[in-house]
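Everything below concerns the one structure shown next.
Count residues from 1 along the sequence. In each ligand, atom 1 is the first atom listed, and ligand 1 is the first ligand listed. For the numbers below, each heavy atom of this structure counts, side chains included, while hydrogens, waters and symmetry mates do not.
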Amino acid sequence: MTQGQRLLARWLSRNEPEPPPVAALLPTGNALQLLLDDRGRVVQIHGALNHGLTPVKEGAEPKLLLDYLMPGSTQALEGTPAQWTGQMIDLDFRGADQQVLRTRGWVQPQAEGWLLQVIDISDLQRDSQQARVNAHNSDLIHSIGQQLRQCDMARLPAVMLEALQQVAEHWRVPGMALALRTDTHLGWRLYSAYHAFDTPQLWTTGQTLGTALDGLNECAPIPVSAKQADNQWLISLFGNAEGLLVPFRDQSGASAWLLLGFYSAPSGGAQTSVRDWLQVCATIAGPLQDRLRAQHYEQQRERMEALQGLLGTGWWEWLQTTRQMQLAPQLSASLLPALESVSLSREAWLALFHPADRDEISSGFTALLEQGTPLLLCARVHQPQGTEPAQWYRIQGQVLGKGAGRRIVGFMLDVSDIKNQQLQAAAAQARLGNVIARSPAVIYVQRYVEGALVPEFFSESLQPLLGLGLDDCSGSALIERIHPDDREHYLERTRQLLREGSARGRYRLRDQQGNYHWLLDEAKLLRDDLGLPVEAVGLWLDVTEATEVAERVRHSEERYRILVEDSPAMICRYLPDLTLTFGNRPLANYLECAPEQLPGINLASWLSQEQHEAFLQRMASLTPELPVSTAEISLQLPGREHAWWVWSDRGIFDGQGQLLEIQAVARDNTEVRRSQQQLTHGAKMATLGEMATGLAHEINQPLNVMRMAIVNVLKRLSNGDVQIDYLQEKLTRIDAQIQRAARVVDHMRVFGRRSEIEQQLFNPAQSLEGTLALLGEGLRGKGVEIRSDGLNCSVHVRGHTDQLEQVLINLLVNARDALLSKCETDRDFKPWIALSSERAGNCVRLWVQDNGGGIDPRLLERIFEPFFTTKPVGVGTGLGLSVSYGIIDNMGGRLSVSNTEHGARFCVELPVVDEG
Ligand code: ADP
C-alpha cells in the first residue's frame, strides 16, 4: 500500500472530515482525476488508471461521468458536481477488459470546473470483505471449539457430527470426516463422518482406516486427486474424487486428520486457503482430543482406584517439607477408619504397624530417606484386639527425582492372603516334616544319570528307621542292602519306573544291625519340559509289622481253610437271597459236584415251598445279638430221596445291623431220621401187634353175628319156611357186619402205612374218631365204658394223622391194660376211659383219662423213657410212650401225664394252626 493509499484508507475508515491533500495522492499509481464541467461532463482524465477507462457509450464528446460508470454500481449520482461536494462518493468505473474499477473519491471545485479525485479501492474492499469472512469464520470455529469443549461427554459424538456439518456447510464441502489415531493395532479410525444429503457416502462413523495414514507428511494439508497415482489407497479412500487431508499435530505428531471429500483445494487468493484448514482442523480436533484424553485419564484413574481398592493397595508419599506421611484415600480408609486425615507424622504412621515390625520399618525408612535405599518389607498391621488372621502389608518405597524435585513415594499392598497362606504352608510343612520324621516313612530322591537312578537325598527319618545315612545307600551300597531274594524285584521296579513313570513295590532292606525291614516303595518319575527323566521321588514305608501280620493272617487263613475243607461237616456261606457264595468239599461231595460249582446255586431250589418259607422265617429271626439258629431241614435233592440236615446258621451283620451273609454248618441227619422213622414205625407195628388180639375180637364179633344169621337162614330154608322179610332182615344184618369188619380192616391199612415226609394240616378230632373206630368196640367188649363227650373241637394242627392216632391208640391200650389188670383183682370194678378235648388259647388239648388207679408217683418221671415198662416180658415193649412223646414233640406239642383220684390222666397238647 502506498503512502497515499494509507492516508486515504485512514481517512476513509475514520471518517475524517478533511480528505488528504490531492498532492499526496497524485503520485500514486492507482489514483484517477477527472475534470468535470458544471454539468458533470468529463473534460479531462488524468492518473495511472486513465488508460483502462472505457466510456459506456461511444460517440458523443464529452461524455457524462455516468457514461464511465457501471450501471447501478453506485448510489444515485444525481444533480450537478456542485451538489456532490463535501461527501465521499463510491464509483465503479468500467475498466479495460470488462473489469470493474472500484473507486472512492470526492469532488472539489476547480478554477474551470470540478475536480473529481478517486482512488482504486478494489484491494481495500477485498481486504475488508476478507476480514469480514475471516471474522465470521473465526466466530464459527470458535463457537464450534467452545461447544466441543463444553458439551456433555455423552453428547460429544453428536456435537462432533454437528461441528463437521457446520464446517462442511459453511465451507461448502460435500463430505467431511475426522480420523483419530486409536490405541490399538487398528491404527486410524473415523471418529465422525458427515456427508451432505446429496453426496455419495465416502465414509462411515467408526470406520477403521488401518495404519496407512501414518506414512503421510503430517506438516501440511495434502490435496488428493485422482491424477496423483502415487497413493492408490488414498485415492480410493476419497472415492477417486478430489479431496484434502488436513493434519492435526500435537506433541506426539499427527493425532488427527480432517478428511475433506469432493473438495478441490483452492488456489492462492481464495477465501479459504489450504492453510486455513489447518486452523479449522485444530479447532475441531484439539478440543476433541483434549476431551477424549481427559476421559481416558479419568477412566484410567477410576480403574486404578478400583484396582487399588480391590487389591487392598495404595500409594504413600513422604512430604519432606511438612514431614508428613500422606496416604492414598483407600489406604487411609482401611488403615485409619476413624480418622479423616490422610496425613500422618512418622510416629503415627509407624504406630499403625505391629510393635514387632516397627523397628524394621523405621530403620528401612531411615535408610530410604537418608541413603535413598529402596524400601521393601512385609509388616503386620497393629490390631489391638488381636483379631485373627493378621493383616499383612508389603511396603515398598523409593526416591524419585533429584534436588528440589526429590520425592519419596511408595505403595502398600495387602498381602494378608499370601502371607497367611505362606504361614499356613510353613506350619503344614513343619508338621509334615515332623510327621515324616516320626513315622516309619522315608522320602527319597534318586537322580537320573545316564539311565540309572542314583540316590541323592533321604529324609532325616532314614536314620531312626534303618540307622542309615545317605552314604550307606549311595552307589551299589543300596542294592547290596536289599535282600538277595528281592533284588530282581527291585531292579524290575527301577525299570518299570523309568518305563512307565511310576512304580510300586515291596522288598526287604537290611538295616545297620543287619535286620531286614519290609519296605513298601512308591516312586514317581519327574521329567523335564522335553519329557526327559530328571529324578525319581519316592517314599519308603516300613511295613515289616504289617507284612508279618499279613503273613501270619495268611497262615492262619490257610489253617482255617484246611480246617473248613477237611471238616466232615458241610460248611457253606450264602447271601440273604439264599445264593451260595462258598461251599466246602464235603458239601460238594454230598451234592456230587466240584466245590467251584457251588457258588451261585440257590438253596431254595432244594427246598419245598413250606421248607423255603420256614427257612426265610428262621433267617429273619437272626439278629446281631442272637446271630445263631439251628434247625433240622429237609432237602429235596434232584433224583435223590429226601435228605435231612441239621443246619446251624450264623448271621454276619454290618455296622447298621443289616444281614450281609450267613455262614452255615450242616450235618447230614438223614440216617438218624430214617432210624427214628423206623423206630416210630417199629413202635407202630408193636402197637399194631398189641392191637391184633383186640382186633381179633373186633373182627370175630361180626363174623359170629353173620354166622348166626346164616345158620338161622339155612335152618329156615331147610324148613321151607322162608319169608322174604326175614331174609332181607338177616342179609341187611350180615351186610352191616361186613361193613363194620371192612372199616376196621381199612383203618388198619391206613395205620400200617409209613408216614408222609411232610407234615399236613388236619383236625385232631379225626384222629380221636379213628382211634375209637379201631378200638372202641373191642374195649366195650371187654366191659370198659368209653366216655367220649366233648370231642367237638374244629381246629387244625400240623403233623401226621396216623401218628397222632398212634399216640392215642398207645394211650388207650395202656389205659385198657391198667383197667384190665385192676379188673382181675376187683370183680365189682367198673372200668372206664374218658376222652375229651378243649381249646386253650393257641393250643388244643386232648385228654385220655382212666380209673385204673394211676401210675406209681416214683415212676412218673421214667415212663417216657424208651424201653421202660412195668409189663411182663413179651407183653410190654416200653416203646409206646417214648415214641408217642417224640411224635407229639415233633408236632411242636407236649405229652404229659398226671394222676387223678381215679387213675392216670394223659394230656396231648398241640399248637393250633390258623388257617389264614
Ligand atoms: P408198655 O405199655 O409196653 O409197657 P409204655 O411206654 O406204653 O410201654 O408204658 C410204660 C409204662 O407206663 C407201662 O408199663 C405202665 O407201667 C405205665 N402206664 C402207662 N399208661 C398207664 C396207665 N394209664 N395207667 C397206669 N400205668 C400206665
Report yes or no: does a heavy atom of G903 sit under 4.0 Å from some atom of ligand 1?
-> no

Heteroatom proximity flag, T869 to ligand 1, N/O under 3.5 Å | yes

Does the pair R554/E558 count as a salt bridge with the N-to-O cut at 4.0 Å?
-> no

Exam field: side chain R839 to backbone G841, donor-acceptor pair closer than 3.5 Å = yes

What do we get for D850 next to ligand 1 when only non-hydrogen atoms under 4.0 Å count, side chain, backbone, both or neither?
-> side chain

Ligand 1 N/O within reach of T870 N/O, cut-off under 3.5 Å | yes

side-chain hydrogen bond (donor to acceptor under 3.5 Å, both in side chains) between E661 and T581, worked out = CA-CA 9 Å; E661 215 178 351; T581 54; 2.6 Å; yes

Which option, N899, I855, L860, L859, owns the non-hydrogen atom nearest atom 18 (N) of ligand 1?
-> I855

Proximity winner for atom 1 (P) of ligand 1, if only heavy atoms of K871, R905, Q849 are counted | K871

Report, as yes or no, whether the 6.0 Å neighbourhood of atom CZ on R573 holds more than 12 heavy atoms from other residues, nucleotides or ligands.
-> yes

Please indicate whether any nitrogen or oxygen in A904 is less than 3.5 Å from any nitrogen or oxygen in ligand 1.
-> no

Applying a strict 4.0 Å limit to heavy atoms, is F864 in contact with ligand 1?
-> no

Atom indices of ligand 1 within 4.0 angstrom of G854 heavy atoms, with elements = 25 (C)

Testing Q617, Q609, Q611 for side chain to side chain donor-acceptor pair (under 3.5 Å) with E613, which one passes?
-> Q609

Mind checking whether L768 and S788 have side chains closer than 4.5 Å, heavy atoms only?
-> no

In terms of ring plane angle, is the pair W647 and Y574 parallel, tilted or perpendicular, where the classes change at 30° and 60°?
-> tilted

Do T544 side-chain atoms and W518 backbone N/O form a donor-acceptor pair below 3.5 Å?
-> yes

So the atoms of ligand 1 within less than 4.0 Å of a heavy atom of F868 turn out to be 6 (O), 8 (O), 10 (C)

Heavy-atom contacts with A815 under 4.0 Å: which atoms of ligand 1 show up? List them by number with element.
-> 23 (N)

G852 heavy atom under 4.0 Å from ligand 1 = no

